[in-house]
Structure formats: structure tokens, C-alpha cells
Amino acid sequence: MKLLDKEFDLFLSHEEIEKRVKELSEELDEQYKDRKPLFITILNGAFIFAADLMKHSNIQSEISFVKLASYVNTQSSGEVNQLIGLVENIYNRHIVILEDIVDTGYTIQNINETLNNRGAKSIEICSLLVKPDSIKVDHKVKFVGFDIPNDFVIGYGMDYEGFGRNLKDIYKIKS
Ligand code: IMP
Ligand code: MG
């Protein structure tokens, strides 16, 4: 598959993704059923993951969105910019951060710090993908869809230079 100037191979099919997302949603329901969690989705990448998770969820919860960006081209820049902020009251809330992918971990560290300063009661991370060999911060991702190698991926919300978010399956870059 070609997107812009790069070639990609199929990596995770939408069937595999859907199955895992449903399992994650059931796990979250079980752990958060009496806690009225606030799900905070990191835009843009996590919008499809968050929507699919929520469709399977059967507990009382709220969902909100922040827009953060750290990626330039196919590399993390190490600097996280907040492009759209958070208006909800965070104090005393149980927060679950929804991410598409944790790479260096700088993004989740940044949002975690913000939420801590605003008095969240608990904060956990739920990420569809994690690149364990790439993480540079000491932060545990409690709910993980798939651990993946350090290759650049697209699809299911994730982009290359803004393109490819609409792909149903997840593809990884050809080496
Ligand atoms: P981190 O701050 O390095 O953990 O990067 C996290 C953000 O970078 C994610 O929310 C994604 O939006 C983006 N990102 C990281 N790895 C990839 C990738 O392989 N493909 C597309 N986007 C990625
Ligand atoms: Mg993202």
C-alpha cells in the first residue's frame, strides 16, 4: 500500500483490532463501573479508538477531548504542544486517558502532569498500541491493546503527515 511517498504493509486487521477493543472496553467497564469515570481522548489520533471503545461500554461515564501534538513527520519531536485545552472540572475525578499509541511516552507524561495538578482522584492510561522499546518516561500504561515493535504505523486514526487516518486496518512502514 502506498501513502504519499511511503510504502506500507498490513499489520493488524480490523477484525483483530475490533476484537481487542471490545475486550478492553469490557475490562474498563469492570474496573470503573462504580466510579463514573471521565475518559479523556487525545486528538487527533485516538478519535476512532475512543468511539469504538465507547460503543461497547455499558457504564455511566463522560468523555472529553484534548488536542496534543508531538509528532513531526515519522518521528517524535520530544516536545508536546497543547492545541486544544481541557474545560472539564478534573478535581476528584477518576480519569482514563485514551490514546492511539504510546511511543516515547512524552505525551502521556504531559497530560498526566496537567491532570495531577488539577486534582484528579486517579489517572490511568488506555492505549490501543504501545511501543515498549521506545518509552523514555517512567510511566505505566495500565490498559494496552497491543505491544508493537518500534516501526511507524498508520490507520485506524493514526496518520502520516495527516493522511491515512481513515484506513480500517493498521499498516506499518516498509523498512
Ligand atoms: P509520544 O509522545 O512519543 O509517546 O507519541 C505519542 C503520539 O505520537 C501519539 O499520540 C501519536 O499521535 C503519535 N505517534 C507515535 N507513534 C506513531 C506512529 O507509529 N504512527 C503515527 N503516529 C504516531
Ligand atoms: Mg496521538
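Everything numeric here is computed off the predicted structure, so don't read it as measured data. As the structure lists them, so they are numbered: ligands from 1, and atoms in each ligand from 1.
- A distance of 10.5 Å separates OH of Tyr171 from CG of Leu3, quoted to the nearest 0.5 Å.
- The side-chain heavy atoms of Ile40 and Phe65, taken from C-beta on, include no pair separated by under 4.5 Å.
- For ligand 1 and Lys131, the ligand atoms under 4.0 Å from any heavy atom of the residue are 16 (N), 17 (C), 18 (C), 19 (O).
- The only option from Leu115, Ile63, Leu86, Ile95 that meets the side-chain contact (heavy atoms from CB on, under 4.5 Å) definition with Leu38 turns out to be Ile95.
- Geometrically, ligand 1 and Val153 share a nitrogen or oxygen pair separated by less than 3.5 Å.
- For ligand 1, the atoms sitting less than 4.0 Å from at least one non-hydrogen atom of Thr104 are 1 (P), 2 (O), 3 (O), 4 (O), numbered in the order shown with element in parentheses.
- Side chains of Asp29 and Ser57: a donor-acceptor N/O pair is present below 3.5 angstrom, by distance only.
- The heavy atom nearest to atom 6 (C) of ligand 1, considering only Ile154, Ile108, Thr107, is found in Thr107.
- With a 4.5 Å cut-off on side-chain heavy atoms, Val153 and Leu12 do not count as touching.
- The existence of a salt bridge linking Lys19 and Glu16 is excluded, since no basic side-chain nitrogen approaches an acidic carboxylate oxygen closer than 4.0 Å.
- Taking every non-hydrogen atom of Glu99 and a distance limit under 4.0 Å, the qualifying atoms of ligand 1 come out as 9 (C), 10 (O).
- Between Gln109 and ligand 1 there is no heavy-atom distance shorter than 4.0 Å.
- Heavy-atom contacts from other residues, nucleotides or ligands closer than 6.0 Å to NZ of Lys36 number 12 or fewer.
- Neither the backbone nor the side chain of Ile135 comes within 4.0 Å of ligand 1, counting heavy atoms alone.
- For ligand 1, the polar-atom distance check against Asp159 finds no nitrogen or oxygen pair separated by under 3.5 Å.
- The shortest N/O to N/O separation between Val102 and ligand 1 does not fall below 3.5 Å.
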